[in-house]
Amino acid sequence: MATFQTLPGFREFYPEDFARRNHIFRRWRHTANTFGFSEYDAPVLEPLELYRAKSGEEIEAQLFSFTDKGGREVALRPEMTPTVCRLVGARASALKRPIKWFSIAEFYRYERMQKGRGRCFSQFNADIFGEPGPEAEIELIALLVQCLCAFGLTEQDFHVRLSDRDLWIFYLEALGLDEARIRAVLVAVDKYEKMGDEAFKPYAESFGPLDGGLKAKILSFLAIKSLAVLEQTVANLDGGRLGARLGDWKKLLGALAAMGLARFVEVDLGVVRGLAYYTGFVFEAYDRKGELRALAGGGRYDDLVEKLGGPALPAAGFAIGDMTFALLLEQRGLMPDFTQAPDVYCVIGGEAERLAAFGDIQALRAAGHRVDYPLKDMAFGKQFKAAAESGAKLALIYGSDELAKGVVKVRDLTQRSELEVPRAQVLATVRDFFSGA
Ligand code: HAM
């Protein structure tokens, strides 16, 4: 017989896996609410055009795309950013500012599979629209850090690497590079950490090899890891623009320090982000040990809403992926054990007793208790074994002797104690037991 398996890179969620995913989503959602972000969602299938030349070549090459029955070119969403730009752009004038939105959704990229990377994954996206200054990044980076700390992770476990495409562009312009060359250098910088010198090959293929002095300057800019060094490096260059930009850096880092978050955030000009639409500050979160792929990434994208047909509207945001994040929680022992035990297990004599038990089962469930019972008649011994294995704290015993006396036996499965309770008091007894009365 043929067996069918999931497509490579796709995931199935058995109940324990689903409980772990729910746990993560629930805390992300709660955290976003505490920051005053509102939740939205959108279609999984989008016009292919939404991603062409907007998300960048890497994502475009990874699209799951096809022509639908109406002849439309469509793609499964690889990311949320173009979609949320369309949503906000369409109602920009009616939306109350600042627009702070978040979503938790599934995405699809035809990627080479590796640890922490699949072809189908979930992201928590948070974005702010309508705020041109670093005030948006302050709020976003604080939210990103809290979304990770909410699970017990600390600055020992992860850090946020902060960089700036504006500064990179001003710097490369000051070195005399034109727009096309700047774009090619940024692609190389994005890949440099992973590939080393190889990363500059595409640049060399288009424009010839980079001049040695220029390359040295680019590599030393890329290695900058502090605001002080950054200030020194740009001090002698095109003063005006670079100086003003450093003011934004100080505001951002000062605010994060005031929030007590400085220990999570590091200046790191080696980050430029692969996606094409970023225009200013960019940041990525990584595990401290550097063993895993990126946990999260984001930045400013001031031109995208307008490019997608909306009004000119500054924007910034980030996304955390669920796969690397779950790996990190597991590595640090921070993923709780989700055994789904009932509160109460009912042990039932026979068909007549079953009908009596049903009334209580229904009432207990309606009162919010998790109640289980054997779906079919079963010997008492087997039922007690099932009750113990279920992890329930209480067993309710509906035997014919008990029912003849108008009582139910309530057995505390952890203390191994037992008492008889009049039928009318079963609900109150269970409620008192679980409220600790
Ligand atoms: P991204 O860096 O492509 O950014 O993805 C963000 C995060 O999603 C990554 O750091 C990673 O955790 C996760 N991720 C990405 N691809 C995969 C994959 N194939 N398998 C597993 N996890 C993956 C964006 O998507 C931007 N749209 C984020 C953003 C929001 N920028 C502004 N607003």
Side-chain angles (χ1 to χ4, degrees), residues 7-11 21 24 28 32 37 40 42 46 50-51 54-64 76-88 99-129 131 136-137 139-141 143-144 147-148 158-161 163 165 190-191 193-194 271-287 291-305 308 313-329:
L7 292 166
F10 281 71
R11 296 180 293 170
R21 191 177 86 169
I24 292 175
W28 281 345
F37 281 64
Y40 67 93
E46 290 277 24
L50 192 61
Y51 308 108
K54 275 113 191 168
S55 295
E57 276 169 32
E58 194 168 330
I59 282 203
E60 218 184 310
Q62 294 170 342
L63 285 174
F64 276 89
L76 287 172
R77 61 184 175 196
E79 59 159 337
M80 194 57 112
T81 313
T83 299
V84 71
C85 284
R86 183 189 59 215
L87 260 73
V88 170
I99 303 161
K100 304 196 324 187
W101 283 15
F102 82 97
S103 60
I104 297 175
E106 199 161 59
F107 299 92
Y108 306 85
R109 295 185 194 175
Y110 201 89
E111 280 223 42
R112 201 167 51 79
M113 262 119 47
Q114 46 190 309
K115 207 169 152 201
R117 284 285 177 276
R119 292 183 176 163
C120 168
F121 56 95
S122 296
Q123 280 183 349
F124 166 87
N125 274 264
D127 294 271
I128 298 183
F129 295 85
E131 176 48 64
E137 282 86 345
E139 186 78 335
L140 289 163
I141 294 174
L143 173 59
L144 167 59
C147 276
L148 272 56
F158 76 93
H159 60 161
V160 178
R161 301 164 65 189
S163 179
R165 278 177 83 102
D190 181 48
K191 302 242 176 320
E193 196 168 71
K194 247 187 272 161
V271 170
V272 293
R273 306 275 296 138
L275 294 163
Y277 46 67
Y278 291 114
T279 53
F281 282 115
V282 283
F283 47 92
E284 283 184 337
Y286 281 89
D287 68 296
E291 288 169 354
L292 303 170
R293 299 284 311 262
L295 293 159
R300 179 163 284 281
Y301 49 99
D302 281 345
D303 306 330
L304 193 58
V305 177
L308 292 168
L313 190 66
F318 70 86
I320 314 175
D322 71 327
M323 291 180 70
T324 322
F325 186 66
L327 276 176
L328 183 63
L329 289 185

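Every number for a ligand or one of its atoms is a count from 1 in the order of the listing. Everything numeric in this text was worked out from a predicted model, so none of it was measured.
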Once you measure the plane-to-plane angle for [X] and [Y], does it fall in the parallel (<30°), tilted (30-60°) or perpendicular (>60°) bin?
X	Y	value
Tyr301	Tyr278	perpendicular
Trp28	Phe124	tilted
Phe107	Phe121	tilted

In terms of heavy-atom contacts, Ala42 and Arg77 come closest through O-NH1, 3.0 Å
Atom CG in Asp127, atom CD1 in Ile99: separation rounded to 0.5 Å? 11.0 Å
Sub-4.0 Å heavy-atom environment of ligand 1, residues by chain: Glu79, Thr81, Arg109, Glu111, Gly116, Arg117, Gly118, Phe121, Gln123, Asn125, Asp127, Arg273, Leu275, Tyr277, Tyr278, Ala294, Leu295, Ala296, Gly297, Gly298, Tyr301, Gly317, Phe318, Ala319, Gly321, Met323
Non-neighbouring partners of Arg165 that pass salt bridge (Lys or Arg N to Asp or Glu O under 4.0 Å), sequence neighbours left out: none
